[in-house]
S.K.: 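Pasting a structure here, questions to come.
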Amino acid sequence: EAGVTQFPSHSVIEKGQTVTLRCDPISGHDNLYWYRRVMGKEIKFLLHFVKESKQDESGMPNNRFLAERTGGTYSTLKVQPAELEDSGVYFCASSRISRGRYEVYEQFFGPGTRLTVL
Amino acid sequence: KNEVEQSPQNLTAQEGEFITINCSYSVGISALHWLQQHPGGGIVSLFMLSSGKKKHGRLIATINIQEKHSSLHITASHPRDSAVYICAVTSGGGADGLTFGKGTHLIIQP
């Protein structure tokens, strides 16, 4: 079974440019999450998809960030226009669908995309 | 909003030592996750637990729901255990996003 993959592994862009990150979850995983770690801080939740629907986007920093998951398969996270403070490592994770509060499944993480905004 | 605190932030020990990393959280949870990230590597899930204790090889994870506290133990530590260990919790529904601690940087010296 292939793991979660992310593309690109690294991206260096200038302030004001646009970058699109891609995540391919494990096949059959309906839950897809985006997280971000900014230098020196803990990893923080950005948003959660269940299939193609946004279940929770409370962690999205602002409207420069747009996430999509068309067809409920892979997801993209676009940053437009990028700012210096957007630099960090963006992780994607996926898990099986759960049917309630106490049915929790392990989240499998991708290798991350390191974004540097100059 | 759940607050997750880990201690220590940094830990250097000699090979063979017994290691303990602690995690506390502020609000009731569905599950607690221990994750590992080696330098330059990806994040790997070690344990997911909601009660009691789990063991995998030299790693043991315990959780006390009443005290909102979990520990990760490593017995007979080895240099290959050097990594960042991260505690994370699922606070609400079973599929909610994780809330993370800052991580513990562990170095095991030969």
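What you see below is based on every heavy atom in this structure, not just the backbone, and it leaves out hydrogens, waters and symmetry mates. Numbers restart at 1 for each chain; the letters A, B, ... are given by sequence-line order, proteins then strands.
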S.K.: Is it the side chain or the backbone of Asn31(A) that comes within 4.5 Å of chain B heavy atoms, both, or neither?
M.R.: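 For Asn31(A), the contact with chain B is made by the side chain alone.
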
S.K.: Between Ser24(B) and His69(B), does any side-chain donor sit less than 3.5 Å from a side-chain acceptor?
M.R.: no

S.K.: Please flag which part of Arg37(A) lies under 4.5 Å from any non-hydrogen atom of chain B: side chain, backbone, both or neither.
M.R.: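 For Arg37(A), the contact with chain B is made by the side chain alone.
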
S.K.: Do we get Arg22(A) above Phe7(A)'s six-membered ring, with its NZ or CZ under 6.0 Å from the centre and within 45° of the axis?
M.R.: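 Geometry flag: not set, cation outside 6.0 Å or 45°.
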
S.K.: For a side chain to side chain donor-acceptor pair (under 3.5 Å) check, start with the C-alpha distance between Thr99(B) and Asn2(B), then their side-chain angles and the critical distance, and finish with the verdict.
M.R.: CA-CA 7 Å; Thr99(B) 301; Asn2(B) 220 329; over 6 Å; no

S.K.: Against chain A, label Gln37(B) side chain, backbone, both or neither, depending on which of its atoms sit under 4.5 Å from a heavy atom there.
M.R.: side chain

S.K.: Could you tell me which portion of Ser45(B) (side chain, backbone, both or neither) has an atom closer than 4.5 angstrom to a non-hydrogen atom of chain A?
M.R.: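 For Ser45(B), backbone and side chain are both near chain A.
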
S.K.: Measure Gln55(A) against the heavy atoms of chain B and call it side chain, backbone, both or neither at under 4.5 Å.
M.R.: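 Contact with chain B: none, neither part.
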
S.K.: For the interface with chain B, which of Lys41(A), Lys44(A), Arg96(A), Gln107(A) has the highest count of heavy-atom pairs at distances below 4.5 Å?
M.R.: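 The residue among Lys41(A), Lys44(A), Arg96(A), Gln107(A) with the greatest pair count is Gln107(A).
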
S.K.: Taking the six-membered ring for Trp, are Phe100(B) and Tyr35(A) parallel (under 30°), tilted (30 to 60°) or perpendicular (over 60°)?
M.R.: perpendicular

S.K.: When you check the side-chain N and O atoms of Thr90(B) and His33(B), is any donor under 3.5 Å from an acceptor?
M.R.: yes

S.K.: Does NZ or CZ of Arg36(A) come closer than 6.0 Å to the centre of the six-membered ring of Phe91(A), within 45° of the ring's axis?
M.R.: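 No, cation not above the ring by the 6.0 Å, 45° rule.
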
S.K.: Among the options Val44(B), Val4(B), Leu98(B), Ile86(B), pick out the one with the most heavy-atom pairs lying under 4.5 Å from chain A.
M.R.: Leu98(B)

